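A quick write-up on the structure given underneath.
All residue numbers refer to positions in the sequence shown, counting from 1. Computed from a predicted model, the values in this text were never measured in an experiment.
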Amino acid sequence: MPQEVQQKSASIKAGAHRDMSRLRISSLAVSNHPYDLGADDKDPIMKYRDPISQWVVTQLVAVRDGRAGEAIPVENLTLAQAVESVWLYLYVTVMVPLTVLRRTLPSFGPLAGPITIGTLITLPILLGVFAATQLYKSISEKLVDSCVVSVTRSQKANAGKSVKDLRFAYAVPGIVRDIAGQVAVADADTCKPIGDLPLTRIVTRTSNYLQSITANRATDRQIAGMTTRLQEYLRTTRVHQNLIPADPADFNTPEYILSQVGTLIPYVGGAPLDVVIGLSHNRNDKQDFAATVPMSDLTVTKSLTAAYYAYALAAHMVELAWQEGGTDPTAALANDLFPGLGITTDMLPKSTGIVGAPNLYGLVVYHNVLRSMCLAEDKRPTPAPSSGKRVPVSAARW
């Protein structure tokens, strides 16, 4: 550092601490590491999470614990909270738009064989998003596995704590408060995740809830009758559950890399290749493709995974229709407006980026939340002795 900066370092440091102490943000704007939500290495949230689902779980826990209106000084944010929150906003404002752009960018015509100009343009985006994700994972893991030489008593007492003299005056929507009161962070030992529950349990619970909020007995009887018919259909309809490909979240490292690189392969890359990878994953796990189960026993995760692949394949077919359907009406209109430019279909944005976004950043996030949380009514006391819960005392805590 320059000499003049070194001489003022103490005052610069003190000023920075004052500014951070004065700047206060809502607890609902902060995302916590799963360790700070009470999870350990065995719990589902450690595997099934993305920045948005992790933030959703953090906020549900905060609402359930009555901390929704709290204000946290930036000075008190832990390293873990800072890293997770920065990654959340980077993910939402940069990673997601770049991914949508990559999937939307037109091919701009062939370059060499199946490789197009669009492929060369999108390759850096694909590699950049992948590299940034891996860098975040590495930083997050290193933080929680490291320690600091010394921490003051004040730093320990204030780490991650809100202030008592300020609360944000806004009301949490009733439906969010109701949901938060019914869920908890899933635990591998004491609380089965919602994603592992059978459909029959969800149907029964939903029916009971609907009947509890209606004041009309005739409506209650109609709901009960519909529930009985639906449960009978679920019990008598059998499905080949192992023919539902493995969820991409369960892919091992080689399968994940193949899936990501495969998006660059024309026609079969993306959803069709993921289906093949998912079925191969099931086969390697010795799952019997001929076995069937009643639909009532099908888990929430299996159902949502089937919905994910169905949506992804539909979006893929839309893209192929866009590419192979001859002169696209949009291209024809563009040529009418700008004659002589020779605009073709492969010069126009693909539909996949927009059509597929609700699947990647809607259904997947929802699914991760359901796999990370359990019903509070299912939670059992932690057995004694303790099941080895990890106590997060690391650099991430200060």
Side-chain angles (χ1 to χ4, degrees), residues 27-28 44-45 48 52-53 55-69 167-187 190-239 241 244 292-311 314 357-359 361-381:
S27 61
L28 296 183
I45 193 174
Y48 301 113
I52 302 176
S53 70
W55 175 79
V56 171
V57 173
T58 298
Q59 305 323 313
L60 288 175
V61 171
V63 171
R64 184 196 64 196
D65 295 343
R67 296 184 285 106
R167 289 184 67 87
F168 290 94
Y170 53 76
V172 176
I175 187 172
V176 175
R177 193 178 298 279
D178 186 32
I179 292 172
Q182 298 181 52
V183 295
V185 177
D187 188 285
T190 62
C191 202
K192 193 175 185 178
I194 298 172
D196 289 348
L197 298 180
L199 290 182
T200 184
R201 170 81 182 281
I202 303 302
V203 170
T204 299
R205 200 172 188 279
T206 302
S207 175
N208 292 339
Y209 173 76
L210 291 175
Q211 293 179 61
S212 70
I213 62 174
T214 60
N216 189 307
R217 291 187 177 181
T219 302
D220 288 346
R221 287 194 296 269
Q222 290 179 338
I223 293 175
M226 292 177 62
T227 301
T228 300
R229 291 191 295 272
L230 178 57
Q231 294 282 30
E232 180 63 22
Y233 174 80
L234 292 177
R235 283 193 299 268
T236 56
T237 304
R238 301 187 70 86
V239 293
Q241 64 168 354
I244 299 174
T292 63
V293 296
M295 192 176 290
S296 58
D297 292 343
L298 205 63
T299 64
V300 172
T301 281
K302 281 286 187 179
S303 305
L304 290 180
T305 300
Y308 167 84
Y309 279 112
Y311 193 105
N359 204 28
Y361 306 112
L363 181 62
V364 170
V365 172
Y366 176 64
H367 194 181
N368 283 340
V369 172
L370 294 185
R371 287 184 289 197
S372 299
M373 307 206 78
C374 66
L375 296 175
E377 64 202 52
D378 292 344
K379 193 168 184 63
R380 305 188 307 275

**Fill in**
Those residues at least two apart in sequence (or on a different chain) that pass side-chain hydrogen bond (donor to acceptor under 3.5 Å, both in side chains) with S296 are none
**Prompt:** S27: what forms a side-chain hydrogen bond (donor to acceptor under 3.5 Å, both in side chains) with it, not counting sequence neighbours?
**Reply:** none
**Request:** Show your working on side-chain contact (heavy atoms from CB on, under 4.5 Å) between L28 and T58 and close with a plain yes or no.
**Result:** CA-CA 8 Å; L28 296 183; T58 298; over 6 Å; no
**Prompt:** Considering only heavy atoms from C-beta outward, does the side chain of Y311 approach that of P358 to under 4.5 Å?
**Reply:** yes
**Prompt:** Who passes salt bridge (charged side-chain N to carboxylate O under 4.0 Å, His left out) against R235, sequence neighbours left out?
**Reply:** E232
**Message:** As a test of understanding, state which of I202, L304, V183, T301 forms a side chain to side chain contact (heavy atoms under 4.5 Å, CB included) with L370.
**Reply:** L304
**Item:** Distance in Å, I45 CD1 paired with S53 OG, rounded so as to fall on 0.5 Å steps
**Value:** 7.0 Å
**Request:** Quick one: which residue pairs count as a salt bridge (charged side-chain N to carboxylate O under 4.0 Å, His left out) with a foot in residues 214-231, not counting sequence neighbours?
**Result:** none
**Message:** Within the 4.5 Å heavy-atom criterion, are S372 and P44 side-chain neighbours or not?
**Reply:** no
**Asked** Just wondering, do W55 and V369 contact through their side chains at under 4.5 Å, heavy atoms?
**Response** no
**Asked** Is the number of heavy atoms from other residues, nucleotides or ligands within 6.0 Å of CD1 (I175) greater than 12?
**Response** no
**Message:** Any heavy-atom pair between the side chains of V300 and D196 that's under 4.5 Å?
**Reply:** no
**Complete:** Across all chains, not counting sequence neighbours, the side-chain hydrogen bond (donor to acceptor under 3.5 Å, both in side chains) partners of Y48 are D250
**Message:** Return the CE to OG1 distance between M295 and T237, rounded to the nearest 0.5 Å.
**Reply:** 5.5 Å
**Asked** At what distance, to the nearest 0.5 angstrom, does CG of L60 lie from CD1 of I179?
**Response** 7.0 Å
**Message:** For T227, give me all partners under side-chain contact (heavy atoms from CB on, under 4.5 Å), at least two apart in sequence or on another chain.
**Reply:** V203, S207, I223, Q231
**Message:** For a side-chain contact (heavy atoms from CB on, under 4.5 Å) check, start with the C-alpha distance between L199 and S303, then their side-chain angles and the critical distance, and finish with the verdict.
**Reply:** CA-CA 8 Å; L199 290 182; S303 305; 3.5 Å; yes
**Asked** Between A376 and G181, what is the shortest heavy-atom contact and its length?
**Response** CB-O, 4.3 Å
**Prompt:** For R67, which residues count as a salt bridge (charged side-chain N to carboxylate O under 4.0 Å, His left out) partner, sequence neighbours excluded?
**Reply:** D65
**Request:** With sequence neighbours left out, write down each residue that passes side-chain contact (heavy atoms from CB on, under 4.5 Å) with V172, or none if nothing qualifies.
**Result:** V63, A68, V176, R177
**Any donor-acceptor N or O pair under 3.5 Å, side chains N208, R205** = no
**Request:** Go through the structure and list residues passing side-chain contact (heavy atoms from CB on, under 4.5 Å) with K302, not counting sequence neighbours.
**Result:** Q241, N242, I244, Q287, L298, T299
**Message:** Rounded to the nearest 0.5 Å, what separates atom CZ in R380 from atom SG in C191?
**Reply:** 8.0 Å
**Request:** Kindly compute the distance separating CG (D178) from CZ (R64), expressed to the nearest 0.5 Å.
**Result:** 14.0 Å
**Item:** salt bridge (charged side-chain N to carboxylate O under 4.0 Å, His left out) partners for R201, two or more places apart
**Value:** E377, D378
**Message:** Test of understanding: with side-chain hydrogen bond (donor to acceptor under 3.5 Å, both in side chains), list the residues that count as partners of T305, not counting sequence neighbours.
**Reply:** D247
**Request:** Without swapping roles, check the side chain of R238 against the backbone of T292 for a donor-acceptor pair under 3.5 Å.
**Result:** yes
